[in-house]
Every structure is written in C-alpha cells, then in structure tokens.
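Throughout, a chain's letter reflects where its sequence line sits, starting with A, and its residues are numbered from 1. For the numbers below, each heavy atom of this structure counts, side chains included, while hydrogens, waters and symmetry mates do not.
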Amino acid sequence: MDAYDAGTIERKWQDVWEADRAFYVDDPLPGAAPEDRHFYMLEMLPYPSGNNLHMGHVLNYTLGDVVTHFRRRHGYRVLRPMGFDSFGLPAENAAIKEGGHPLEITERNIASITHLMRRMGWAIDWAREVSAHEPSYYRWTQWLFLKFFENGLAYREAAPVNWCPNDQTVLSNEHVVDGRCWRCGAVVETRNMEQWFFKITAYADQLLDDLETIDWPERTKKIQRQHIGRSEGAQVLFRLEELDRDVPVFTTRPDTLFGATFFVLAPESPLVEELAAENEEVMSYARIAAARPTEERATREKTGVFTGRYAVNPVNDEKLPIWVADYVLMEYGTGAIMAVPAHDDRDREFAEKFDLPIRTVIDDDGRLTGSGEFDGLPWREAVVGITEWLDERGRGKAAINYRLRDWSFSRQRYWGCPIPIVHCPDHGAVPVPEDQLPLLLPDVDDYRPKGKPPLASNGDWIATTCPVCGGPAEREADTMDTFVDSSWYFLRYADPHNERGPFDRALVDYWMPIDQYIGGIDHAKGHLLYSRFFVKAMNDLGMLGFREPFARLFHQGWVRQEGKRMSKSAGDSAIDLVEKFGADPIRIYILFQGPADQDIDWSPDGIDPMVRFLRRLWRVVAAAAEGPAPPNGLDTPLARKAHETIARVTDDIDRRFAFNTPIAAVMELVNELSKGPDDPAARFAAETAVSLIQPYAPHIAEELWSRLGHERLWEHPWPEADASLLRRDTVVLVVQVNGKVRDRIEVPAGLPEDELVARAKGSARAQAHLNGEEPRAFVVPDKLVNLVV
RNA sequence: GCCGGAGUGGCGGAAUUGGCAGACGCGCCGGACUCAAAAUCCGGUGUCCUCGCGGGCGUGUGGGUUCGAGCCCCACCUCCGGCACCA
C-alpha cells in the first residue's frame with residue numbers, strides 16, 4: 001500500500017466536499033417536521049488584520065469543527081458559518097502599517113484567510129459568508145442603528161469620554177484596560193466631547209438577571225456581573241443654600257450619615273463652576289485634576305481643595321464643607337459624595353491629610369452611636385431605618401446604582417460603518433431615510449487619523465441637505481465602533497442574502513439562540529455584553545423571539561509560543577505549518593495538548609508525533625482492510641475494546657466537552673489493533689477507529705473509509721456502543737489490606753458482596769498482611785475489597 | 001486590597017460519582033531489522049531499598065474527616081486571571 005501523504009489526500013477530499021457542498025446547510029422547509037433537530041455552532045469571527053491566522057484561531061475553529069461533525073453525524077442539521085470582522089481599528093491600523101487602502105488590504109487578507117480555512121478542512125457553510133465592511137451587510141447595521149435611534153436607544157450627548165491619543169479616537173469603557181488603549185497600549189485621556197451612545201444601562205438589570213438562564217462559564221458571568229456593578233443603597237439630598245438647590249449623592253451606607261464631616265465634588269462636576277467660578281485656586285485645581293490620566297489619578301496620593309462653600313446634611317442640618325478632590329469620580333454615582341472618614345478608608349485618608357474631623361457613628365458591636373434616635377440600632381437595620389426616615393421627609397430614597405456606563409460607539413476614524421445621521425441647523429440630528437441606505441463609506445485618499453474624523457475633511461460628502469426641510473446640512477462624520485458590527489452578525493448568518501431586511505424573523509427564530517459559542521475570554525465584557533444588549537433591545541422592538549444570543553459558551557485557552565500569547569504578527573504562521581505538515585496532524589496536535597480551555601505552549605516539535613500516529617493508523621487500517629468483511633456482533637477482546645472506545649469518545653465529546661482524551665482513546669484502540677491483527681474483529685476495530693477520529697482528522701478518515709469500501713463518512717451516522725459488549729464476564733478485583741493494594745484477582749462479574757469478601761480473604765498475598773486476624777471488610781462491587789484489621 | 005481559577009513523573013497531561021495515581025503522547029534506556037542510517041517494530045521507564053521475591057515513600061505545604069483522599073474540610077505557600085479611589 002502507498003504511504004500516508006497528508007497534502008495529497010487533503011486536497012482530494014477538500015475538492016470532493018466543495019463540489020458536494022457537503023457542509024452547506026439548507027434552511028428548514030415550512031412546517032419543519034418535529035424530528036428536525038438543528039444545532040447552531042459558532043466560533044467568534046476573526047479580524048482580517050493580517051493575511052494569516054495564528055494557532056489560537058486554529059484551536060478555536062478546530063474545536064468548533066469537531067462539534068460540527070459530531071452533531072452532524074448524530075443527525076442534526078448544523079449551521080456553522082464564517083465571516084470577517086472587517087471594519088474597525090484592527091484592519092485599519094494594519095492598512096496604515098502596510099501603507100495601502102483599508103479596503104484593498106482587508107479584502108486581500110480575507111481572501112488569504114479564507115484560503116487557509118479551506119485548506120484546514122473546516123466544515124464551513126461558505127454560502128453564508130458575511131463581512132462587516134460589505135455594503136450589503138452594513139446597510140442593515142445602519143438600519144438597526146436607526147431603529148435604536150428612533151426608539152431612544154441611541155443618542156448623542158456631550159460627555160467625558162476616553163480618548164486614545166495614539167489611535168486618535170474615542171474608546172468605550174470596555175476597551176480601556178488598566179487605563180490604557182486595548183489596541184495600542186497608549187495611556188488614555190479623558191475628553192469632553194459630543195459622542196454617540198447606546199443606552200445599554202437601560203438593560204443593566206436584565207443583563208444581570210438573565211445570566212442565570214444561560215450555560216456560561218462561571219468566571220465569565222462574574223466578569224459581567226462585576227462590570228455591571230449593581231449596588232443597592234440610597235440617594236440622599238444635600239441642600240446647597242447658595243444655589244437654592246438639593247444635590248443628590250449616592251451611598252451604600254446611609255446608616256453612616258451622622259458621621260459625615262465633609263462633602264466632596266469630582267473635578268469634572270458642573271457644580272464646581274457654579275459654586276466657585278470666581279475662586280481661581282479651585283478652578284485651576286479642577287482643570288488640572290480633570291485632565292490627568294485616569295491611571296495616574298488612581299495611584300496618586302490624595303489631593304483636593306476647599307471651595308469655601310457648605311452643604312447641609314439632611315439628617316442633622318449640619319453644614320459640611322464642600323471640597324473638590326480627584327478621588328471622586330464623575331462617572332460613578334452623581335459625581336458628589338458625602339464623606340464619612342470614620343467608616344471609609346478613602347475619606348479617612350483625605351481627612352487625615354487635610355485635618356478634617358473624624359466622627360465614629362458605629363461601635364465595635366456594629367450598632368449606631370452618635371446618631372440621635374437611631375442609636376443602638378444594628379447598622380443593617382439602620383440602613384433601612386434611615387432610608388425610610390429620609391423618604392418620609394422627601395430628603396432621600398432607596399436607590400440602586402450601576403457601574404455600567406452607556407456604550408460610546410462613535411469613532412473618529414475612517415474605516416467603519418458610517419452613522420446615517422444628518423445634522424441640520426434647524427432640525428438637529430435627523431435620520432437618513434431608510435430608502436437611502438446603505439449610506440456608503442466614501443473612498444478617500446487620506447484616511448489617517450488627525451484628531452478629527454477623516455470624513456469631516458471630505459467636503460463633497462459632508463455637505464448634504466436636511467431630509468426634513470431640504471436646507472443645507474452636514475453629515476455625521478464619525479463612524480461606528482466595530483463592536484456594533486459584531487453585535488448582530490450571528491443573526492445575519494441565518495438569512496445572509498436578505499435584501500428586504502436584516503433577516504427574516506422566522507429563520508432567525510429557527511436557528512437562534514446559538515447552541516454552542518466558542519471564543520476567547522478577552523471578549524467577556526465587550527462583545528459578549530454588547531451582543532446580549534442588542535438581542536434584548538431587538539426583542540423589545542419585536543424583531544426576534546428570544547432574549548439571549550448564546551445559550552452555551554466555551555472559552556478556548558491561549559496558545560503561547562516562548563511564553564507569549566500568539567498573534568498574527570508573532571509566532572509561527574498557520575499557512576506555513578499546514579503546507580509543511582498537513583491539516584490533519586495540526587488539528588490533532590492542537591487538541592491533543594490538553595484540555596481545550598487550558599493554555600497551551602505551542603511548539604512545532606509536537607506535530608511529528610501526530611504525523612507518526614496518523615501513519616500508524618494508515619498502516620494498521622490498511623492491513624485490516626485486506627481481511628474479510630466481519631460478521632456483525634463479534635464478541636472478541638478487540639471488539640470489546642472498540643465498543644469501549646466508542647462509549648468513551650462519545651461521552652467525552654458530548655457530556656464532558658473534553659477533546660484531548662478521545663484522541664488518547666483512539667490511540668489505545670489503534671495500539672490494540674496493531675497487536676492483534678488476527679482478531680476476527682480487526683476490520684470492525686479499524687472501521688471504528690477511522691469513524692471516531694473523523695471529526696478530528698476528517699481527510700485521512702475519509703480516505704481510509706473509502707479504502708475500507710465505504711462512502712461519505714462525513715454524513716455516516718456516529719457509531720453506537722453495544723451495551724452487551726461493554727459488560728464483562730470477569731473483572732479484576734483489587735484486594736486491599738488497611739487501604740494498601742496487596743493483590744489483584746480475577747473473579748466473575750456480578751458476585752454478591754459476601755462472596756467477594758470470601759475471595760479477597762482467600763488471597764494468599766492478602767493473608768500475609770492480615771496476621772491471622774479477622775478483618776472488617778469494605779466492598780465496592782466488581783472493583784475492590786478493603787480488608788481492615 | 002477584593003473576587004475567581006490552578007498546583008500530579010524529566011515534559012504535556014490522565015484518573016468521569018471518595019475506591020488500583022501516572023492512561024495517551026513526548027523524552028530517555030535497552031533490543032530487533034540494516035553494511036550503515038532513517039523509518040518501523042518489541043521491551044523498560046515515579047522514587048528509594050532489594051540479585052530477586054517483595055517492601056517503604058509519593059499528587060505545592062501543614063493539619064483534619066474517612067475503612068479508604070489527587071478528589072471533601074481548615075490554615076498556609078506559589079502561580080495565573082478579573083476588578084481596583086465604584087462612595
């Protein structure tokens with residue numbers, strides 16, 4: 001027989017699958033039969049920011065591929081599409097680096113990555129391919145934006161936002177990591193700018209509560225819960241006599257109100273100017289503090305300045321001095337706090353530095369003191385009591401506060417989805433009429449960031465007329481964050497060519513929610529939160545019939561090379577590797593390294609052993625293929641091993657979501673087969689090994705399957721273990737004395753406990769350790785007897 | 001600082017419900033085939049004592065529960081991740 005040659009057989013079968021449209025899935029016929037079982041398998045789509053993929057992608061998509069084949073062969077109609085997150089900073093920065101136009105470079109990268117994906121043999125429905133930068137896609141991104149805008153879920157407002165001075169654009173809170181830009185690492189500044197926001201905060205409670213309804217890793221839910229940051233407390237009104245106004249403050253500890261000794265405003269608070277416009281010291285502090293990078297603000301020693309003004313504490317009418325200090329953040333609560341130095345570390349630090357009074361109002365037993373009528377009350381009860389007291393007098397009320405901010409999604413960059421809005425001097429922000437969508441992104445020569453949106457320099461495009469009055473108006477020059485594109489792409493796959501709407505609701509409701517989503521945990525609080533928000537909002541707008549997009553989620557581990565996370569610019573190139581070793585060896589390698597959710601240290605040295613295993617499989621199966629076709633239901637040791645392997649592999653993939661141990665199980669079967677080629681069940685064992693390895697190494701499996709005289713393994717039913725062959729006639733009984741293994745004896749299966757004990761006592765090796773004493777016995781039927789003296 | 005997760009041979013890892021620790025693969029040692037090499041195949045491989053039979057020890061550290069603990073409980077150490085002036 002010829003030798004195993006990965007490259008040749010892989011191309012052969014890839015051509016067959018292509019011609020057969022093997023992995024393209026049809027939509028359900030109207031009134032689909034109840035036995036129609038379907039499964040939506042999706043992995044996070046790649047950025048085409050390079051012409052290649054790294055081994056982290058290879059792990060991600062190979063995992064999805066195993067699940068896809070496994071489900072298909074269990075009779076499911078499986079939707080497994082692919083697309084490209086082709087707008088946005090990653091692609092645009094790559095284009096700037098290469099010095100070409102983003103469109104040209106993005107499309108070249110997509111072609112190259114698509115080629116690689118086909119070469120990996122991944123079972124993808126390419127008829128549904130979608131890219132964010134295609135007008136046929138972003139037309140509907142714009143349409144969705146308009147629906148959100150019309151329903152008050154998208155709005156424009158001047159607000160302090162995160163500004164990356166390197167990428168020259170605003171960033172969402174979710175993409176500032178340790179005070180730095182997630183893409184380039186530059187220290188982020190705060191700027192006050194007119195920005196577009198999605199009203200994700202309106203869904204804070206639902207985003208929190210519905211986490212209970214989805215099968216996600218607990219750590220991911222934790223990240224989202226923490227990010228939403230719901231906390232319960234009270235809103236308390238402090239009187240500012242000079243302004244004749246009440247100022248609200250959020251606190252989780254209204255029970256400490258009697259301990260408040262001063263009052264602090266964030267430097268960005270509009271109240272600072274209202275109270276101290278003429279105080280140069282205060283204004284200058286506020287200006288400098290507000291401009292400081294967030295990162296620096298968080299680590300510095302406390303600073304602040306007294307305004308000379310006072311706020312009135314509603315519980316005792318005391319006048320509290322109002323300070324301005326940058327340890328109070330404008331983004332959280334109301335940008336003003338009551339300071340209780342006795343019971344808050346930050347307030348205490350500030351009080352000590354500026355010599356402000358510290359008043360204890362909760363004693364060592366957790367009861368109130370110095371708090372008037374509330375003295376003696378346990379503090380938890382006082383939280384309720386004082387809140388009620390305030391409420392009755394109109395001086396406060398119970399309140400819930402969130403850390404989650406609205407999602408700022410406008411970007412001052414070129415390569416993104418244009419925001420279909422026209423600014424009219426008379427009518428404000430006016431939507432571009434639906435029949436004028438898509439609003440095409442114009443071709444420009446100079447798309448590089450210059451601190452203002454590149455589209456703003458494009459006079460011909462910017463100048464337009466108001467859809468309401470026909471008067472002169474200007475187009476919105478910002479573009480959308482690429483995370484808007486990826487917040488609904490999974491819906492478009494269900495109906496990718498629809499020209500009348502983003503999708504047909506019946507199709508989306510049929511396929512969604514996604515049964516299994518796989519991707520990196522780095523998207524835990526960005527993409528995974530935005531997509532949940534989009535689906536909830538679209539559900540409320542009557543566009544779809546479910547409220548969560550991803551029923552089950554899995555995060556693959558990081559693939560590292562020499563200790564560093566692999567990226568498209570660092571580490572071995574997947575294209576080079578697949579040409580050198582073949583797709584099957586790489587697919588098996590990346591899944592064999594360990595549990596898929598654990599990090600992997602990549603080394604190309606690990607691939608050769610996988611090539612050796614596949615060669616061994618090839619040889620052993622070829623030998624078995626020469627034997628006679630086996631009768632059914634043979635009961636031989638090899639047949640039993642094959643059935644055990646079916647049971648193990650099936651359970652590992654299906655229930656345990658374990659992908660490394662099935663490969664080990666098939667290796668064991670191949671080892672047994674290689675030792676017992678004369679077993680009458682050799683051919684059955686060979687067919688079983690080939691069938692079970694197919695989701696991992698579909699090309700060699702298909703080739704061997706055909707050499708075994710069969711066809712179309714990719715749609716052949718998954719094998720079933722014969723329960724009668726999983727049962728054993730005899731078992732090896734472990735005999736322990738005082739918990740230590742002293743003997744192993746073969747006994748018939750299913751013996752009663754007293755018989756097992758009798759056999760164990762009969763063991764000469766065990767007796768040698770019993771010293772003639774009569775032992776107590778503990779029995780695990782068919783497994784173990786522990787004799788204790 | 002707060003909240004998670006993880007520590008098993010020389011290495012990646014396995015042990016699914018508290019019941020044989022180390023499956024499978026790598027590496028290493030020995031052997032077969034070969035003029036030789038590659039490839040392939042066979043055997044061995046936690047550690048210590050022992051010619052051997054056999055025995056002692058062993059899953060980060062210390063304790064506990066149990067007939068029995070890698071797995072459960074308590075304390076600690078180390079590493080990784082998330083959050084971090086969030087009132």
Side-chain angles (χ1 to χ4, degrees), chain A residues 3 177-179 217-227 229-231 233 236 249-253 256 260 264 266 294 297-302 325-329 331-340 343-347 349-350 401-405 521-522 524-525 558 588-589 592-595 597-601 603 605-606 608-610 612-613 615-616 619 648 651-652 655-656 658 660-671 674-675 732-744 765 768-769 775-781 783-789:
Chain A
V177 180
D178 293 333
E218 203 44 47
R219 58 186 172 139
T220 313
K221 292 187 181 181
K222 280 229 161 70
I223 290 171
Q224 293 210 346
R225 283 193 197 107
Q226 198 166 234
H227 187 69
R230 178 186 156 111
S231 53
V236 185
V249 153
F250 176 77
T251 177
T252 52
R253 295 296 302 275
T256 63
V264 191
T294 325
R297 246 170 104 156
T299 51
R300 283 173 58 250
E301 208 184 307
K302 295 271 180 297
D326 67 357
Y327 82 95
V328 173
L329 309 174
E331 311 90 78
Y332 188 77
T334 61
I337 63 155
M338 64 173 208
V340 185
H343 305 291
D344 182 285
D345 292 342
R346 298 149 303 179
D347 296 344
E349 205 187 309
F350 192 84
N401 199 57
Y402 301 90
R403 274 153 88 162
L404 185 68
R405 303 288 88 198
I521 195 171
D522 47 332
K525 64 177 186 183
W558 300 117
I588 290 204
Y589 164 81
F592 186 63
Q593 291 316 296
D597 57 357
Q598 206 167 291
D599 293 354
I600 293 172
D601 282 312
S603 161
D605 298 344
D608 265 331
M610 299 300 108
R612 282 211 289 278
F613 163 64
R615 270 195 211 126
R616 187 176 160 86
R619 217 170 33 240
R648 274 173 68 186
D651 187 54
D652 280 356
R655 185 179 60 82
R656 302 180 64 207
N660 52 334
T661 46
I663 300 172
V666 173
M667 284 174 171
E668 278 187 53
L669 176 59
V670 171
N671 288 346
S674 140
K675 281 178 204 159
V732 174
L733 183 73
V734 173
V735 182
Q736 295 185 333
V737 176
N738 292 335
K740 288 188 177 170
V741 178
R742 295 302 179 184
D743 202 1
R744 294 180 178 87
R765 288 169 200 260
H769 293 273
R776 283 195 292 150
F778 295 85
V779 181
V780 183
K783 270 193 179 165
L784 173 145
V785 173
N786 189 11
L787 302 172
V788 178
V789 294

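Rounded to a whole Å, the NZ atom of A:K222 is 10 Å from the C1' atom of B:G5. Across the protein-nucleic acid pair, A:L329 atom CG and B:C83 atom P stand 16 Å apart, rounded to whole Å. Distance CG (A:D347) to P (B:A87): 12 Å, rounded to an integer number of Å. The NZ-P distance, from A:K525 to B:G4, rounds to 18 Å in whole Å. The CG atom of A:D522 sits 19 Å away from the P atom of B:C80 (whole-angstrom rounding). Rounded to an integer number of Å, the gap from CD of A:Q224 to C1' of B:C3 is 16 Å. Between A:I521 atom CD1 and B:C80 atom P there is a gap of 17 Å when expressed in whole angstrom units. At whole-Å resolution of the value, NE2 in A:H227 and P in B:C2 are 23 Å apart.
Going from the C1' atom of B:G31 to that of B:A69 covers 41 Å, rounded to whole Å. Atom P of B:G58 sits at a distance of 24 Å from the matching atom of B:U78, rounded to the whole Å. Only the P atoms considered, B:A23 is 13 Å distant from B:U47, to the nearest whole Å. Taking atom C1' in both B:G18 and B:G82, the straight-line distance is 32 Å, to the nearest Å. With both ends at atom C1', the span from B:G22 to B:A14 equals 7 Å, rounded to whole Å. Rounded to whole Å, the C1' atom of B:G62 lies 24 Å from the corresponding atom of B:C67. Between B:C2 and B:G12, the distance separating the two P atoms is 31 Å to the nearest Å. Comparing B:C20 with B:C74, their C1' atoms sit 29 Å apart, to the nearest whole Å.
Taking the nucleotide of RNA chain B with the nearest heavy atom to each of A:I223 and A:T252, the more 5' of the two is matched to A:I223. Each of A:A665 and A:H769 lies near RNA chain B, and the nucleotide nearest A:A665 is the one positioned closer to the 5' end.
B:G9: glycosidic angle within 90° of 0, hence syn.
Looking at every heavy atom in both residues, A:D601 comes nearest to A:Y589 through O-OH, 3.7 Å.
Within 4.0 Å of A:H343, counting heavy atoms only, lies no atom of the nucleic acid at all. A:R405 comes within 4.0 angstrom of no nucleic acid atom, judged by non-hydrogen atoms across all strands. Residue contacts for A:N671: at a heavy-atom cut-off of 4.0 Å it reaches the sugar-phosphate backbone alone, with no base atom in range. Heavy atoms of A:K740 sit under 4.0 angstrom from primed sugar atoms or phosphate atoms, though from no base atom. Residue contacts shown for A:R765 are limited to sugar-phosphate atoms, with no base heavy atom under 4.0 Å away. If you check every strand for non-hydrogen atoms under 4.0 Å, A:V340 touches nothing. Using a 4.0 Å heavy-atom criterion, one finds that A:E668 contacts the sugar-phosphate atoms exclusively.
Legend: residues meeting side chain to side chain contact (heavy atoms under 4.5 Å, CB included) with A:D652, ordered by chain and number and at least two apart, are A:R656, A:A658, A:T661, A:P662. In this structure, A:R405 has no salt bridge (charged side-chain N to carboxylate O under 4.0 Å, His left out) partners at least two apart in sequence or on a different chain. Applying the side chain to side chain donor-acceptor pair (under 3.5 Å) rule to A:D597 yields no partners; only residues at least two apart in sequence or on another chain are considered. Every ring-ring contact (aromatic ring centres under 6.0 Å, His included) that A:Y327 has, sequence neighbours left out, goes to A:F350. The salt bridge (charged side-chain N to carboxylate O under 4.0 Å, His left out) search around A:R655 returns A:D651, not counting sequence neighbours.
Contact annotation: the side chain of A:R230 never approaches that of A:L404 to less than 4.5 Å [non-hydrogen atoms, C-beta and beyond]. Between A:M338 and A:T256 the shortest side-chain heavy-atom distance falls below 4.5 Å. Residues A:I337 and A:D347 form a side-chain contact, since some pair of their non-hydrogen atoms from C-beta on lies under 4.5 Å apart. No side-chain heavy atom of A:T251 sits under 4.5 Å from any side-chain heavy atom of A:V340.
Look at B:A15: it lacks any Watson-Crick or wobble partner with both distances under 3.5 angstrom. In this structure, B:A32 and B:U40 make a Watson-Crick or G-U wobble pair, each of the two defining distances being under 3.5 angstrom. When both pairing distances are held under 3.5 Å, B:A21 makes no Watson-Crick or G-U pair with any nucleotide shown. Under the Watson-Crick and G-U wobble criteria, each requiring two contacts below 3.5 Å, nucleotide B:C83 is paired to B:G1. With both pairing distances under 3.5 Å, B:U65 is matched to nothing as a Watson-Crick or G-U wobble pair. Across all strands shown, B:G27 forms a Watson-Crick or G-U wobble pair with B:U45, both key distances being under 3.5 Å.
Put simply, A:R219 has no side-chain N or O that comes within less than 4.0 Å of OP1 or OP2 on B:C3. Within the 4.0 Å cut-off from OP1 or OP2 of B:C83, not a single side-chain nitrogen or oxygen of A:R403 is found.
Nearest to the side chain of A:R612, among B:G56, B:G82, B:C26, sits B:C26. When distances run from any side-chain atom of A:R619 to the nucleotides B:G55, B:U40, B:A87, the shortest one goes to B:U40.
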Pick out the pairs of N or O atoms, protein on one side and nucleotides 12-20 of chain B on the other, that lie under 3.5 Å.
unit_1, atom_1, unit_2, atom_2, d
B:G12, O2', A:Q593, O, 2.6
B:G13, OP1, A:Q598, NE2, 2.7
B:A14, OP1, A:N660, ND2, 3.1
B:A15, OP1, A:R656, NH1, 3.0
B:A15, OP1, A:R656, NH2, 2.6
B:U16, O2, A:D651, OD2, 3.1
B:U16, O2, A:R655, NH2, 2.7
B:G19, N2, A:N786, ND2, 3.4
B:C20, O2, A:R744, NE, 2.5
B:C20, O2, A:R744, NH2, 2.8

